[in-house]
Novice: 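Would you mind keeping the following structure in view while I ask a few things?
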Amino acid sequence: MDLKEYEGKRLLATRMPLVSQGLVTSSPDEVEAYAREQGVVVVKAQVLTGGRGKAGGVKLAKRSCEARKHAEDILGMDIKGHFVEEVLVSPGVAIDQEWYFSIVFDRAERTYSVIFSTEGGVDIELVAEATPEKVIRFPLNPKEGLTPLIAEDIVRRAGLDRRFVVDVVAVLCSSWGLLVDKDLTLIEINPLVSTKEGDVVVLDAKVSVDDAALFRQAEFGEMQSQKESAEEALARENGFTFVPLDGDVGIIGNGAGLVMATMDAVKAAGGEPANFLDIGGGAQAKTVKNALALLRGNPKIRSILVNVFGGITRGDEVARGLLAAIAEQPLSVPLTIRLTGTRAKEGLALLEAGGLEVSGTMDRAAALAVAGK
Ligand code: GDP
Ligand code: MN
């Protein structure tokens, strides 16, 4: 789960002193009032994507009326497909130098890596391409972590001005502590800056939390339930893997591989999947019923395809679940079912007796589902 800038900064501020924070609001009036008190401010779009600055989503204002105007312009903007519903307004910082710092879960190195560069504030990938020697990348030994000694070595190798070493090392080490304690998979601070007054300040933050650890990180659990849609909440409660997509053929299957193959079959038949929905192994009738309930709420769906390969999952359980769901509330779109494997014969008999359309092969079922809409 990704945190918005202000959420990430609140978290960082629990461990380090100089994190630029401020007011989060969707009201230009409040932005103006804040700016009247603060003087120079920066107004920043709060969306889960980078490059807001370039897109016009980060603007400095010297006067309160200007801040208001920026807020009005930024609210409602579309930044790379993300609609801006709120802005963060913070005291404007007089920047001297801009640096890049992150701790990332580095799959290639199979550990966490620290990345640091004195060329911050810009796209770090571009810096790494043009001047790779300016980007220090250091894979951590997870048992040892990021110690002050290692952090100091990293920032010195990056050529950081000596004046700032102590403060920057503190930011790096506090970040590591936070990452471990809160089960984070990413902390990226770009830019970390020095101000004209000589302070080291966190100006931007991108923080990601390991979804698999949310069960033991209560504070994020609450955040997650606010971020997710009704469909996503239903999927999580049922232990489904669910990804909404753009098409109109709803898909339910058991096992990620089978669901992906089903999506391919739908595409091959000329259709577009409306979702990925994996109900997992050993599904009970109730699970199947809940899966259908999840798709029911989507008005874009014009046809539903259920594809179950019974291993641990029993065909008759699947059939009972589907029939129970429909008995409770008839579907408004056609339903096509492909069922094979354990107790498929019993399942198919139940479904046919219930008047549902079944098919023996996946391709045939996909064709029916696509034609049926
Ligand atoms: P991003 O573009 O989404 O990464 O948003 P950032 O928060 O990193 O802001 C983009 C750029 O805006 C930064 O690299 C800074 O150069 C500039 N910026 C952000 N806040 C301030 C500020 O308080 N004062 C000044 N002078 N510039 C700022
Ligand atoms: Mn940034």
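Whatever order the structure lists ligands and atoms in, that order sets their numbers, starting from 1.
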Novice: Can you list the atoms of ligand 1 that are under 4.0 Å from a heavy atom of G92?
Specialist: 23 (O)
Novice: Establish whether atom 17 (C) of ligand 1 and some protein heavy atom are separated by less than 4.0 angstrom.
Specialist: no
Novice: Charged N to carboxylate O below 4.0 Å: is that the case for E66 and K59?
Specialist: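 A salt bridge is absent here (no side-chain N lies under 4.0 Å from a carboxylate O).
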Novice: Looking at R68 and E72, is any side-chain nitrogen of the basic one under 4.0 Å from a carboxylate oxygen of the acidic one?
Specialist: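 Yes, charged N to carboxylate O under 4.0 Å.
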Novice: Can you report which non-hydrogen protein atom sits closest to atom 1 (P) of ligand 1, along with the distance?
Specialist: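 The answer is R52 N, 3.7 Å.
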Novice: How far is atom 28 (C) of ligand 1 from the closest protein heavy atom, and which atom is that?
Specialist: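 Of the protein heavy atoms, I95 CD1, 3.7 Å lies nearest.
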Novice: Among all protein heavy atoms, pick out the one at the shortest distance from atom 24 (N) of ligand 1; state its residue, atom name and that distance to 0.1 Å.
Specialist: V93 O, 2.8 Å
Novice: Any non-hydrogen protein atom below 4.0 Å of atom 11 (C) of ligand 1?
Specialist: no
Novice: Near the Mn ion (ligand 2), is there an N/O/S atom from D204 that is less than 2.8 Å away?
Specialist: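 Short answer: yes, at least one N, O or S atom is under the cut-off.
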Novice: Are K267 and E272 ion-paired here, with the side-chain N under 4.0 Å from a carboxylate O?
Specialist: yes
Novice: For the pair D204 and K9, find out whether any cationic side-chain nitrogen is under 4.0 Å from an anionic carboxylate oxygen.
Specialist: no
Novice: Would you say H70 and V87 make side-chain contact, with heavy atoms under 4.5 Å?
Specialist: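 A side-chain contact is absent here, since even the closest heavy-atom pair is not under 4.5 Å.
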Novice: In ligand 1, which numbered atoms sit nearer than 4.0 Å to a non-hydrogen atom of G53?
Specialist: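 Contacts of ligand 1 toward G53, numbered from 1: 1 (P), 2 (O), 3 (O).
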Novice: Can you tell which of I79, D204, T195, I189 gets a heavy atom nearest to atom 8 (O) of ligand 1?
Specialist: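 Nearest heavy atom to atom 8 (O) of ligand 1 lies in D204.
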Novice: Just by distance, with hydrogens left out, do E109 and T111 show a side-chain donor and acceptor under 3.5 Å apart?
Specialist: no
